[in-house]
Each structure stands twice: as structure tokens, then as C-alpha cells.
Amino acid sequence: MNILIFGEFSGIVRDAFIGKGHNAISVDLLPTEKPGPHVQGNGLPLLECKWDMLIAHPPCTYLCNSGVCWLYKSKSSGKGWPNPVAFTKEKNEERWQQMKEGAELFKKLLDANIPKICIENPIMHKYAIEIIGRRQDQLIQPWQFGHGETKATCFWLKGLPKLLPTKIVEGRIQRLHKLPPSKDRGKLRSITYQGIADAMANQWG
């Protein structure tokens with residue numbers, strides 16, 4: 001199959017499918033971290049090419065449920081850290097616009113003229129779901145695929161079956177959730193676990 005891996009710089013999913021004999025190429029604004037077929041830049045024009053499968057990891061910053069409160073303006077409690085930030089009922093218009101653009105990109109990927117599609121994102125808030133038109137088809141965890149960690153990952157599927165767990169791990173931690181703030185935190189949190197990539201290639205390839 002000819003497979004486009006949209007929004008991947010790690011090469012993990014791409015290489016899992018290549019290892020099964022498929023023609024897979026990744027595309028991202030960042031360069032690939034592993035040598036292999038990769039396009040650095042805007043991947044949207046590539047959707048017009050002929051593909052058998054699309055696996056996409058669009059940006060989740062403005063779509064995920066964990067950040068929905070930031071759609072509204074915040075105000076200081078005046079007490080400093082570690083007191084929680086208080087939010088008003090006034091919309092953060094810039095954030096809402098970024099959310100709408102992110103949801104429209106997600107919908108464009110989901111509606112692409114490609115027979116088999118998997119779009120990956122964290123649990124999404126209701127405002128993004130309203131734009132996209134439907135909730136996820138599946139929610140998986142790394143501990144179902146050989147990694148002793150928790151990180152809820154949702155799949156929106158078209159033409160593909162749900163991914164079956166391959167190795168249940170009993171000991172589970174929230175390693176990625178506990179990562180300290182850094183310039184690479186978002187990047188590290190976006191990388192697909194090897195066990196999940198292998199399951200995709202074995203079951204969907």
C-alpha cells in the first residue's frame with residue numbers, strides 16, 4: 001500500500017509500515033529524526049495524491065479537553081503560584097479562532113478522499129467535536145500495547161477496524177503527564193509509542 005503519515009517527525013509509524021513492505025512516507029513541518037522517506041513542509045497538498053491509507057497526527061493544542069478552559073480569558077487570583085488560575089466567562093477570541101482552524105484541519109483530514117484513514121488526537125472538547133461532526137471511534141492506552149504508561153489516545157477511523165490490544169501491562173505510570181515544562185515537552189508528548197505503531201502496521205497493513 002501507499003501510506004501517508006501526516007504530522008510525524010519521529011518516523012516511528014512510517015518505519016513500522018515500511019518494515020512490513022509498504023510504501024510509507026511521513027510529512028511534517030519538522031525534519032525527520034530518522035533517515036527515511038519524508039517531506040518537510042505543509043502536507044495538505046499531498047492529500048491530493050493517490051493514497052491507500054492516511055494516518056494523521058494533527059496538532060491538538062487547541063482541541064484537547066485538557067485545555068478547554070483556556071478558551072476563556074483568565075484573571076490572576078493575586079495569590080501567586082501554586083494557586084490555580086481563575087477563568088472568566090469572557091471568550092479568548094484569538095484562542096477560539098485557533099481552535100476553529102485546528103478543528104477545520106482535522107475535519108479536512110478526516111474527509112480526505114482516501115479509502116483508509118486514522119486520525120489520532122487526545123480526548124477532545126465539545127466545541128471541537130461540534131465542528132468535526134463526530135466523536136472518536138476508539139480510545140486506547142499505551143499499556144494495552146506493551147508500554148507501562150497511561151496516555152489516553154483517541155482514533156477517528158474510516159475504512160479501518162479498531163486496533164486490538166497486543167500486550168497488556170499491569171504496572172502503569174503517567175510519565176508524559178509528569179514531564180517538567182520545557183521547549184521539547186510538547187514534542188515528546190506527541191511521539192507515537194513503538195508498540196502502537198507496530199500494532200497499526202501488523203493489523204492494518
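Count residues from 1 along the sequence. All of these numbers come straight from a predicted model, not from anything done at the bench.
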Handout entry: Minimum-distance pair of heavy atoms, taken over all atoms of Pro58 and Asn121
Key = O-ND2, 3.0 Å
Fill in the blank from the handout: Rounding to 0.5 Å, atoms OG (Ser10) and NE2 (His38) come to a distance of 10.0 Å
Exercise for the section: Look at atom NZ of Lys20 and say whether more than 12 heavy atoms of other residues, nucleotides or ligands are closer to it than 6.0 Å. Expected result: no
Handout entry: Under the side chain to side chain contact (heavy atoms under 4.5 Å, CB included) test, residues paired with Asn42 that sit two or more places apart
Key = Leu44, Pro45
Problem - Taking every non-hydrogen atom, the tightest pair across Ile12 and Gln194 - result: CG2-OE1, 3.5 Å
Fill in the blank from the handout: Rounding to 0.5 Å, atoms CG (Leu164) and CD (Gln138) come to a distance of 8.0 Å
Completion exercise
Taken in chain and number order and not counting sequence neighbours, the residues that satisfy side chain to side chain contact (heavy atoms under 4.5 Å, CB included) with Ser66 are Cys64
Exercise for the section: Would you indicate whether the side-chain heavy atoms of Val13 and Met200 approach each other to under 4.5 Å? Expected result: yes
Exercise for the section: Step by step, work out the side chain to side chain donor-acceptor pair (under 3.5 Å) result for Gln97 and Glu101. Expected result: CA-CA 6 Å; Gln97 181 59 35; Glu101 291 173 0; 3.1 Å; yes
Problem - Approximate separation, where rounding is to 0.5 Å, of Gln40 CD and Leu29 CG - result: 8.0 Å
Exercise for the section: State the CD1-CH2 distance between Ile173 and Trp143, to the nearest 0.5 angstrom. Expected result: 14.5 Å
Handout entry: Residues, nucleotides or ligands: over 12 heavy atoms within 6.0 Å of Lys167 NZ
Key = no
Practice task
Enter the distance from Met1:CE to Asn23:CG here, rounded to the nearest 0.5 Å.
Solution key: 10.5 Å
Handout entry: Between Trp156 and Phe106, ring centroids under 6.0 Å
Key = yes
Exercise for the section: Mind telling me whether Tyr193 and His147 have parallel, tilted or perpendicular rings, with 30° and 60° as the class edges? Expected result: tilted
Handout entry: Distance in Å, Glu120 CD paired with Glu8 CD, rounded so as to fall on 0.5 Å steps
Key = 10.5 Å
Exercise for the section: Answer with yes or no after comparing the ring centroid distance for Trp96 and Tyr127 against a 6.0 Å cut-off, counting only values under it. Expected result: yes
Handout entry: Neighbour count above 12 (heavy atom, 6.0 Å) for Glu130 CD
Key = yes
